[in-house]
*Asks:* 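Can you keep this structure in mind? I'll have questions shortly.
Convention: sequence-line order gives letters A, B, ...; per-chain numbering from 1.
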Amino acid sequence: MIVLTYAVLAAASLVVAFPLLLALSYSFMTEAQVTSFPPPVLPASLQLDNYARVFSTIPIGRYLLNSAIVSLLVVIGQLITASLAAYAFTFIRFKGREVAFLVFLSTLMIPWEATIIPNYITVRDLGWLDSYQGLAVPFMATAFGTFLLRQSFLQLPQALIDAAIVDGASRLRLLLQVVLPLSRPALGTVAVYAFLSTWNQYFWPLLITNQTLMRTTQVGLAQLRFEESLRWGFLMSGVVMVAVPTLLLLVLGQRQLVRGLTAGAVKG
Amino acid sequence: MMRTLTSVAMAFALIAAACGGSGPAGTTAESGPKAPDKGVEPAGKIVFWHAMGGTLGPEVNKIVEAFNKSQSKITVEAIFQGTYDDALAKLNTALASKAAPALIQVYDIGQRYMIDSDEIVPMQSFIDRDKFDVSDFEPAVANYYKVEGKLYSMPFNSSSSILYYNKEAFKEAGLDPEKPPKTFEEVADFAKKLVKKDAGGQTVRYGFGPSIYGWLFEQWMAVSGGYFTDNGNGRDKRATKLTFNDEKGKAIFDWWKAGVDGGYFWNPGVDNDGAANAFNAGKTAMYVESTARLRGHINATVGKFTVGTGKYPRPANAPATGGNIIGGASVYVLKAAAAAEQQAAWEFVKYWTSPKVQAIWQAGTGYYPVVKKAYDEAESKEWASKYPQFLTAVDQIRTAPQNTATAGAVLGVFPEGRRRVQKAIEEVLLGRSSSKDALDAAATELNAALEKYNKSSGK
């Protein structure tokens with residue numbers, strides 16, 4: 001039975017991973033191989049010309065570094081702002097809390113296309129074009145993350161919160177030592193989501209950067225393609241290099257998420 | 001991802017169109033912005049935005065660096081700004097906040113939009129001021145970028161469409177590999193002979209496989225001597241009506257449809273790369289695409305088959321006034337830049353059009369040189385000996401008559417126009433609509449969009 005389960009799971013994961021595996025395979029192929037018919041699945045040899053050409057065309061290392069810095073800044077920023085906001089919306093009673101929360105949530109309905117020009121003008125006026133703060137700060141607050149954390153905070157047993165209060169915990173202490181440690185799965189989700197969405201940003205970084213040294217990975221990928229001279233192997237080797245860090249994050253983050261989910265604080 | 005970007009680009013276009021309503025009238029060479037005085041010292045540094053991705057980016061940088069080294073006064077900084085649509089969207093944002101470059105590359109179908117934007121200094125005013133000699137310009141290229149007789153921008157990367165065919169497949173089918181088909185009728189006839197089926201009756205090779213690409217339809221209208229819009233394709237006067245839904249347009253649709261229904265044309269869908277890959281893979285024996293893809297095809301098929309090139313096929317009854325259109329992109333000097341920057345941009349543009357630089361550009365990219373003298377340079381000659389098939393492309397634009405039909409259309413809603421025509425082709429090929437109905441529906445819809453655009457741009 002276990003064998004069967006694993007066989008089915010392996011087959012399913014192969015289907016899910018197929019585009020990525022194909023990209024990996026194409027990245028080792030010559031252009032003639034990519035375009036032969038029927039399309040080959042595996043490269044004839046592991047030639048690294050495509051990778052070498054990506055390195056000589058764009059400063060991919062710098063782009064990866066920039067994306068990593070910006071994504072981490074956004075993750076940290078979102079975790080701080082979202083946990084504080086969610087704490088207020090969950091545990092502090094104040095007038096108009098529900099309305100304020102609804103207004104907060106309604107910002108989810110505003111398409112980012114509508115805010116991009118005002119944001120651009122603000123960032124320019126602050127003198128933040130071509131800077132890490134310009135790339136990261138506009139994304140450091142998140143309604144979605146706050147919502148997610150609030151839902152998670154609401155699930156915490158009231159007994160636990162009461163016990164901490166009775167023991168004399170301050171609000172900050174309650175948040176840092178009781179609420180947050182118990183909300184690791186939700187925090188992990190917010191972090192991974194923030195990281196991936198920042199990592200995959202294209203238009204905003206393109207808009208506010210002009211210096212090559214301040215650009216990010218997705219702009220770099222765009223730089224590798226042009227319709228009238230498209231080379232799949234070349235493009236895919238760039239895609240692979242950009243995808244690896246996100247994969248690493250998922251692999252490492254997943255353990256964290258699963259462990260967080262199974263950890264229990266209250267018995268019975 | 002592409003869908004989001006397109007919608008962003010369209011959102012910008014809408015904003016721009018809406019803002020244009022109360023704005024001043026569009027740019028013309030007589031009134032409106034002019035080149036700065038000849039005495040203005042060029043700026044020490046200017047920024048040039050382009051959309052040349054892939055292997056083209058390094059070629060642009062090479063030429064820009066050569067320019068920077070060739071003199072000591074001006075440094076040009078070339079910045080890649082995403083696809084043509086992205087670059088245009090970014091320009092609109094930058095213009096709103098005075099962060100625009102001095103020079104920007106915009107695609108062919110953005111021409112009317114740029115002219116109407118009132119944000120450019122027409123290239124013609126620099127040409128007139130300096131009495132810059134344009135007599136050596138490739139006529140077809142110049143013709144495409146002239147609107148109402150004036151050059152608003154400088155051609156940057158120019159291509160055209162040609163027929164590609166597989167010489168080995170021709171031999172196999174008993175056709176003369178040195179004689180590509182010239183007419184629609186011949187293409188259909190050859191395609192039938194080129195079809196190869198396996199033992200199970202499955203087609204393993206189709207005769208002809210063009211992508212559903214609006215540009216190809218525009219080219220077919222032009223070689224048929226037809227007009228995409230009224231007022232001489234919008235060249236004599238602003239276009240007010242789409243006219244591709246005539247007999248000529250219908251003939252193209254009918255021919256295409258008959259081929260797909262007959263099983264000798266392959267329909268890759270709206271997928272230019274798919275069509276190109278199918279040709280490389282030998283799945284289609286003939287197809288039509290940009291001349292800029294020539295080198296890619298030759299390199300991708302080394303050891304598999306020989307790529308032949310033929311003139312873009314046309315209907316047998318096409319009048320002599322028909323011919324191919326130029327496609328690609330051109331560069332504009334922006335009004336928002338300081339006079340000194342405009343001056344510097346013009347210096348770069350002049351350098352760019354020199355025969356030597358154009359020959360290097362051709363050899364590096366496969367685009368047509370802007371000036372004919374470029375073909376005399378060593379780089380161009382070497383390239384031609386390596387890719388003799390390119391001569392077909394040159395011959396094709398040299399022999400085409402230059403008139404408003406072959407100049408191609410200029411209209412404010414061209415990006416939408418192209419997409420809408422593609423939708424019409426798709427409907428017909430999939431049997432959802434007749435040629436006439438699909439063309440009429442597309443024209444009606446686009447007429448409304450065009451009217452709205454013309455109104456909002458104050459004309």
Side-chain angles (χ1 to χ4, degrees), chain A residues 29-40 53-54 56-58 111-125 127 129-130 200-215 218-235 238, chain B residues 1 4-5 7-8 11-12 15 47 49 51-58 77 79-84 86-87 89-90 92-94 96-99 101 157 159 204-205 272-273 276-283 289-293 295-297 299-304 327-328 365-367:
Chain A
M29 289 187 199
T30 62
E31 211 46 37
Q33 254 189 297
V34 173
T35 55
S36 48
F37 185 81
R53 212 179 298 132
V54 168
S56 66
T57 309
I58 57 170
W112 66 274
E113 287 91 340
T115 58
I116 204 157
I117 291 186
N119 278 345
Y120 175 82
I121 292 174
T122 310
V123 164
R124 185 211 52 193
D125 289 348
L129 295 180
D130 282 319
N200 289 333
Q201 271 180 359
Y202 172 66
F203 196 64
W204 180 256
L206 178 71
L207 199 57
I208 74 152
T209 60
N210 279 321
Q211 291 173 18
T212 313
L213 290 182
M214 283 312 297
R215 293 207 142 158
Q218 304 300 327
V219 180
L221 285 187
Q223 220 165 332
L224 296 181
R225 71 180 294 265
F226 187 72
E227 202 201 309
E228 287 180 337
S229 65
L230 197 55
R231 297 187 187 185
W232 287 109
F234 174 59
L235 182 60
Chain B
M1 186 177 86
T4 337
L5 289 179
S7 64
V8 174
F12 278 112
I15 293 168
V47 171
W49 286 4
M52 303 267 81
T55 51
L56 302 182
E77 190 190 353
I79 303 178
F80 170 77
Q81 300 291 19
T83 64
Y84 289 132
D86 298 337
K90 178 156 174 169
N92 283 324
T93 320
S97 53
K98 315 235 175 310
N157 49 317
S159 59
V204 290
R205 184 177 69 212
N272 301 347
D273 297 319
N277 285 341
F279 176 73
N280 285 341
K283 200 183 163 194
E289 245 291 3
S290 165
T291 52
R293 286 191 189 247
R295 186 169 56 166
H297 281 310
N299 291 339
T301 54
V302 172
K304 288 195 271 186
T365 62
Y367 285 113

*Asks:* What's the separation between atom CG in L207(A) and atom CG in N92(B), rounded to the nearest 0.5 Å?
*Replies:*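 Going from the CG atom of L207(A) to the CG atom of N92(B) covers 10.5 Å.
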
*Asks:* We want to know whether E77(B) and N210(A) form a side-chain donor-acceptor pair, criterion being a heavy-atom distance below 3.5 angstrom.
*Replies:*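 Side-chain D/A pair, E77(B) to N210(A): absent.
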
*Asks:* Might you point out which heavy atoms bring G82(B) and L206(A) nearest each other, and give the distance in Å?
*Replies:*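 Here G82(B) and L206(A) meet closest at N-CD1, 3.8 Å.
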
*Asks:* For the residue pair T55(B) and R225(A), establish whether any side-chain heavy-atom pair is separated by less than 4.5 Å.
*Replies:*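 Side-chain contact under 4.5 Å: no.
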
*Asks:* Can you list the residues that meet the side-chain contact (heavy atoms from CB on, under 4.5 Å) rule with T301(B), with sequence neighbours excluded?
*Replies:*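 For T301(B), the residues satisfying side-chain contact (heavy atoms from CB on, under 4.5 Å) (neighbours in sequence not counted) are N280(B), F305(B), V307(B).
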
*Asks:* Which region of R53(A), side chain (C-beta onward) or backbone (N, CA, C, O), has a non-hydrogen atom less than 4.5 Å from a non-hydrogen atom of chain B, or is it both or neither?
*Replies:*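 Contact with chain B is absent: no heavy atom of R53(A) under 4.5 Å.
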
*Asks:* Answer with side chain, backbone, both or neither: which region of T209(A) has an atom nearer than 4.5 Å to a non-hydrogen atom of chain B?
*Replies:*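 For T209(A), backbone heavy atoms alone lie under 4.5 Å from chain B.
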
*Asks:* With a 4.5 Å heavy-atom cut-off, do T83(B) and F226(A) have their side chains touching?
*Replies:*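 In short, these two side chains do not touch, never coming nearer than 4.5 Å.
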
*Asks:* Measure distances from N277(B) to the heavy atoms of chain A and classify the residue's part below 4.5 Å as side chain, backbone, both or neither.
*Replies:*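 For N277(B), the contact with chain A is made by backbone and side chain together.
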
*Asks:* At their closest point, which heavy atom of T57(A) faces which heavy atom of G54(B), and how far apart are they?
*Replies:*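 Of all heavy-atom pairs spanning T57(A) and G54(B), the closest is CG2-O, 4.3 Å.
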
*Asks:* Please round to the nearest 0.5 Å and tell me the distance separating atom OG1 of T93(B) and atom CD1 of I121(A).
*Replies:*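 Between atom OG1 of T93(B) and atom CD1 of I121(A) there are 8.5 Å.
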
*Asks:* Check whether A276(B) gets within reach of chain A through its side chain, its backbone, both or neither, counting any heavy atom under 4.5 Å.
*Replies:*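 A276(B) has no heavy atom closer than 4.5 Å to chain A.
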
*Asks:* Take atom CH2 in W204(A); do more than 12 heavy atoms of anything else shown fall under 6.0 Å from it?
*Replies:*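 Yes, CH2 of W204(A) has more than 12 neighbouring heavy atoms, counting only those of other groups under 6.0 Å.
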
*Asks:* Of the listed residues (T365(B), V302(B), N272(B), V47(B)), which shares the most heavy-atom pairs with chain A below a 4.5 Å separation?
*Replies:*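 Result: the option with the highest number of such pairs is N272(B).
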
*Asks:* Please round to the nearest 0.5 Å and tell me the distance separating atom CG of N299(B) and atom OG1 of T30(A).
*Replies:*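 These two atoms lie 11.0 Å from each other.
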
*Asks:* A222(A): what forms a side-chain contact (heavy atoms from CB on, under 4.5 Å) with it, not counting sequence neighbours?
*Replies:*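 Per chain and number, A222(A) pairs via side-chain contact (heavy atoms from CB on, under 4.5 Å) with Y202(A), F80(B).
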
*Asks:* Go through the steps for I79(B) and R215(A) under the test side-chain contact (heavy atoms from CB on, under 4.5 Å), then give the verdict.
*Replies:* CA-CA 11 Å; I79(B) 303 178; R215(A) 293 207 142 158; 3.8 Å; yes

